[in-house]
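A quick write-up on the structure given underneath.
The sequence lines fix the lettering, A, B, ..., with proteins before strands; numbering per chain opens at 1. Everything quoted here is computed from the prediction, not taken from an experiment.
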Amino acid sequence: MQASIDPISQLTERFADAIARAFPQIQGVVDPIIKACNQPELGDFQCNAAMPLAKRVGMNPREVAKAIIAAVDATGVCEPLSEASIAGPGFINIRLREDSLVASLLALDRPDLGIPKAAPPQTIVVDLMGVNLAKQMHVGHLRSPIIGDAIARTFERLGHKVVRQNHVGDWGLPIAMVVARLMKLAEQGKADLNSLTLDQLDAAYKAAQFECQRDLAGLEAVNKYGLGPKALAECEAQVSGATEAFTQARQTLVKLQTKDPATYAVWEKIRDVTMAVCLGACKRLHVNVTAEHNAGESSYADELAPMVDDLVARGIAEPDQGALIVRLEAPEFGSIKEPCLIRKTDGGYLYATTDIAAIRRRVQKFGGERIIYCIDARQNLHLRQVFGASIKAGYAIHPRTRTPALMEHAAFGSVLGANGQPLKTRSGENIPLESLLEETVQRAGAAVKSRNPEMSDDECRTIAEAVGMAALKYADLCNDRVRDYMFSFDRMLAFEGNTGPYLLYALVRIKSIFRKAAERAVGERWKQTPPRASEHAEKQLALALLRYPGTVHGVAQALEPHRLCQYLFELAGAFSSFFDRCPVLPSEGEVRDGRLRLCDITARVLEDGLHVLGIPTLERM
RNA sequence: GCCCUCGUAGCUCAGUUGGAUAGAGCAACGGAUUUCUAAUCCGUCGGUCAGAGGUUCGAGUCCUCUCGGGGGCGCCA
C-alpha cells in the first residue's frame, strides 16, 4: 500500500519485474535505478538500468532497454513505452499517466501524509546542546540545538522514540572556580547570591579563569633572562596569588563533590540562573529542549570512579606515563592512533570519561540503538575516541540487539561573518545570543511593517517574532551542516529567494485562498473532489508533493535537514508557479474544487515539513 | 609530521550516494498584476566543478597525488 503513494517505488517494482522477466539468467533482484527526470520535457521519470545491465549480459545497452520496455507492465501507471522512449546510450524516459498521478495524490492525502509510523520504532538519542554553567550564550550555541532539534523532530515524525540530551557543562574545576569566587565575593559583600544574573556569572567566570591562571611561563622567562628583582617579585606575587586561588578552587571542588550544603547551594543557584536563560532561548527558538532533557556532567560524577575501575579490571584501560588510557588502534575501535585518555596522573577524570559514561547510560539505560551527536566538527577526533572506547568497553553493545549502537557525529561547521571569519563583534567578542535574536526580530518587524502599514503593533510583533525565527533557523538549516555557513541578516530576511520567509509566505497565500473561499461561501465539495494534475503547473506541483515521504526518510538516513529545506523550497516554488498560472477561486466547478484540493494537500505538506524543521508557521503576514 | 574537513557561476549555496547539455537564490538586464497576499511569477546573462592522473560505456560524485582554506592531534572542557 505504501508503494501506491510514491511513483518511484511503484515504477521500481514494475521495472524490476520486467528486468527479471527479460533477463531470467540474472540472479537476484536488479535495481532498475528509477530517478526523477532532470528535464521535464523528456519525461517525469527515467530508468537507468539498461547501461549497467548491458555489461552483465553482454548486449548493446539500447537492445537491453528495448527488452525491458517489451517486458514492462505499464498498465495504470505510465504512458505506453516505445522505442521513442529510449534516449542516448539507453535511458528509458517515463511519463506518468494523469490518473495514476491523481491516485498517488489521493493515497498521500491522509493524516500521516504518506509517512506511516515506523514499525518497530527505534530508540534514538540525540545530543543536541551543551551549554556551560556561568557562561553567557552566544552565536556559537545556535547551531547545535537548531540542527539537533530538526534531526530529533525528523525521527519523531517517523514514529521513533527520541531521547533528547542536553549535556550541560556543570561540573569540574572551572565551575568550582566560579563557585569559590562567588562565595568569596558574597563574604565581602560584593555580590548578592539571591539576585545573580548570567552576566554577573559570566564576569565571575572570566575573572576566576584569570585569577587561577598561573603565569609560570613568565616566571621562567624572568629567571632565565635575569629581568631584575622587580619583575621577579611581580611574577612571584602573581603566581602565588593564582596558586592560592587555584588551591581554593580545588578545595571547593572537593566540597562540591561531597555535597557540602553551603557550597552546593551556591552551585545550584548558578545552575538555576544559567538554565533559565538557556531554556528560555530554546523556547524562543522553538527548540524542544526543556528541563527534562538535562543530563549534566554532574549527573555522571559518581559513576566515573567505579566505571574506570571496571575498565581497569577488565584490561580495557591501561596505565601509561602515570595516566590511564584506552588504546584504539584496532580497526574495530576506529583505527585511531591517539589513545583515549580517561584519567589524569593526579587521579582526575576528563571529559572523555564523562562522555563514555554518557554512552553507557544512553545505550544500557535508555536503550538507545542510534546515538547522534549534534556537535561542532572540531570535536570529531574526541567523539571517535569516545565511540571506540565505548565499543571496546562493551558499553555500546545494546542489551537487546547484542550489537553496538550506531553512534554518529552529525558535525557542523562554524558561523562566519561577512568577512569569512568566525562571527564576532567589532571588538572581537562573541555576539550574545540575546542581542542576535533581538536584532533578527527587529529587522523582521521592519519588513512586516513596511508591507502592512496599517497592521496593529500587536499583530506585527507576533508576526515579526515568527518571521524572524523562521529566517534565522532556515538560514542555518538550509546549508549542508558540515560546512561553515555565512551569517547575514540581509540574506536570511531577504524579500525574495530561498529563505524562511519565502516558505512562510507560500503557506500564507494558501491560507488566504481558503479564507477567501469561506467568505465567498464556496462550500466544502472540494473535499470530495480529486486533486487536479492536468495542466503543467498542476502536474509539477503534484509531482513535488509526492516526493515528501522520500525526502523525510532521506533526512533521517543522512541526518541532513538541508534536504528537507531544499525540498520545501522547491515545493513552495512549484506552488508559486501554480498560483501564478492557475487561478483557484476564479475558476469554477471541478477545476476550482480540484485545485482547492491540491492547495489543501500543499498547505499540509508545507506545514508538516516546517514543523519537522522546527520552524513556526503563520496564518497571515 | 599525522588525521579530519571543505574547494562548483561575480556573491551565497544545491547537486537525490556513478547517469543525458552541472542547477537554484542573490546581483545585472528584460517582461508579467481589472483575478485568490508582487515577500510572487516568466525570461536573458553568467562555469576549465581548485589542478593532474586513474577506475569505466559514463566522474562534480569513487581511488591516488598536488595546491589552497578551516579544524584537530594523551594529563583543559
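- Across the C1' atoms, G54(B) and G18(B) are found 15 Å apart, a figure rounded to whole Å.
- Straight-line distance from the CZ atom of R378(A) to the P atom of C3(B): 22 Å, rounded to whole Å.
- Between K55(A) and the phosphate of C57(B), there is a side-chain N or O to OP1/OP2 separation shorter than 4.0 Å.
- In this structure, I463(A) and F569(A) both approach RNA chain B, and ranking their closest nucleotides by distance from the 5' end singles out F569(A).
- The Y351(A) side chain lies nearest to A77(B) when the options are A77(B), C73(B), G74(B).
- In a base pair of the Watson-Crick type (N1 to N3 plus N6-O4 or O6-N4) or a G-U wobble (N1-O2 and O6-N3), with each distance short of 3.5 Å, G7(B) is matched with C67(B).
- Counting only heavy atoms from C-beta on, M486(A) has its side chain closest to C13(B) among C13(B), G74(B), A14(B).
- In this structure, the ring of F387(A) has its center less than 6.0 angstrom from the ring center of Y373(A).
- Side-chain proximity of A323(A) to the nucleotides A77(B), U17(B), C75(B) is greatest for C75(B).
- In terms of position along RNA chain B, the nucleotide closest to K511(A) lies nearer the 5' end than the nucleotide closest to the other residue of the pair G169(A) and K511(A).
- One can place CG of L383(A) at 14 Å from C1' of G71(B), the figure rounded to the nearest angstrom.
- Checking U40(B), G74(B), A14(B) against every side-chain atom of Q321(A), the shortest atom distance belongs to G74(B).
- Atoms CD (Q566(A)) and P (G23(B)) sit 14 Å apart, rounded to a whole Å.
- Base pairing annotation: C36(B) forms no Watson-Crick or G-U wobble pair, as no partner gives both donor-acceptor distances under 3.5 Å.
- Note: Y351(A) and H382(A) meet the aromatic proximity criterion, with ring centroids under 6.0 Å apart.
- In this structure, the CG atom of N498(A) is 8 Å from the C1' atom of A24(B), given to the nearest Å.
- The distance between atom CE of M177(A) and atom P of A77(B), rounded to the nearest whole Å, is 11 Å.
- The CG atom of L503(A) lies 7.0 Å from the CG atom of N498(A); values are rounded to the nearest 0.5 Å.
- The side chain of R384(A) lies closest to C4(B) when the candidates are U21(B), C4(B), C6(B).
- Ion pairing between D170(A) and R271(A) fails under the 4.0 Å rule for side-chain N and carboxylate O.
- The distance from the CZ atom of R483(A) to the CG atom of L416(A) is 10.5 Å, given to the nearest 0.5 Å.
- Separating the C1' atom of A52(B) from that of G7(B) is a span of 16 Å, rounded to the nearest Å.
- Of the candidates A14(B), A38(B), U17(B), the closest approach to any side-chain atom of R509(A) belongs to A38(B).
- Which of A77(B), A39(B), C41(B) sits closest to the side chain of S577(A) comes down to C41(B).
- When all heavy atoms of Q136(A) and D202(A) are compared, the pair lying nearest together is N-OD1, 2.8 Å.
- Across all strands shown, C29(B) forms a Watson-Crick or G-U wobble pair, both distances under 3.5 Å, with G43(B).
- With C42(B), A20(B), A14(B) as the choices, the nucleotide that has an atom nearest any side-chain atom of N93(A) turns out to be A20(B).
- Across the protein-nucleic acid pair, E338(A) atom CD and G72(B) atom P stand 14 Å apart, rounded to whole Å.
- Using a 5.5 Å limit on the distance between ring centres and a 30° limit on the angle between planes, the aromatic ring of F91(A) counts as stacked on the six-membered base ring of A20(B).
- A gap of 15 Å separates the P atoms of U55(B) and U61(B), to the nearest Å.
- Picking from C36(B), A20(B), U40(B) the nucleotide with the shortest atom distance to the side chain of L585(A) gives C36(B).
- The side chain of F579(A) approaches A38(B) more closely than any other nucleotide in the set A38(B), A77(B), A14(B).
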